Amino acid sequence: MSSVSKVWSRIAAVVTGAVLTLVVPAHAWAASNGLDTVVVEAARSRRRGGFGVFGLFGALCCLFVVAAIVLTFVLVSRNRKKPRDPRDPR
């Protein structure tokens, strides 16, 4: 196993441990304080009227990001040069 892989696995283990140490107790505290019912009531009373302005903006932003990723991939793969033959005069 390469050293980079070892470092990344250790970093991932530390981050996972920190997240579980902070998120699980916070979730248990929030569930025991009745905040879960407040969230459920807020979700029920929310208006269900289509996408709205932010939904349209979010969809356009998502399409822009996907198009940028595809364009980057196409440009990188197009500019990738084949190994040159040392006998080729070009």
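Note that the structure is predicted; figures quoted are calculated from it, not measured. What you see below is based on every heavy atom in this structure, not just the backbone, and it leaves out hydrogens, waters and symmetry mates.
The only option from L20, T21, L22 that meets the side chain to side chain contact (heavy atoms under 4.5 Å, CB included) definition with V24 turns out to be L20.
One N or O on the side chain of S9 and one on the backbone of K6 form a donor-acceptor pair closer than 3.5 Å.
Between the CG atom in L60 and the CZ atom in F64 there is a gap of 11.0 Å [rounded to 0.5 Å].
In the hydrophobic clustering of ILVMFWY residues, with side-chain heavy atoms under 4.5 Å counting as a link, L63 and L71 come out apart. Transitive grouping of hydrophobic side chains (ILVMFWY, heavy atoms separated by less than 4.5 Å) keeps V65 and F57 in distinct clusters.
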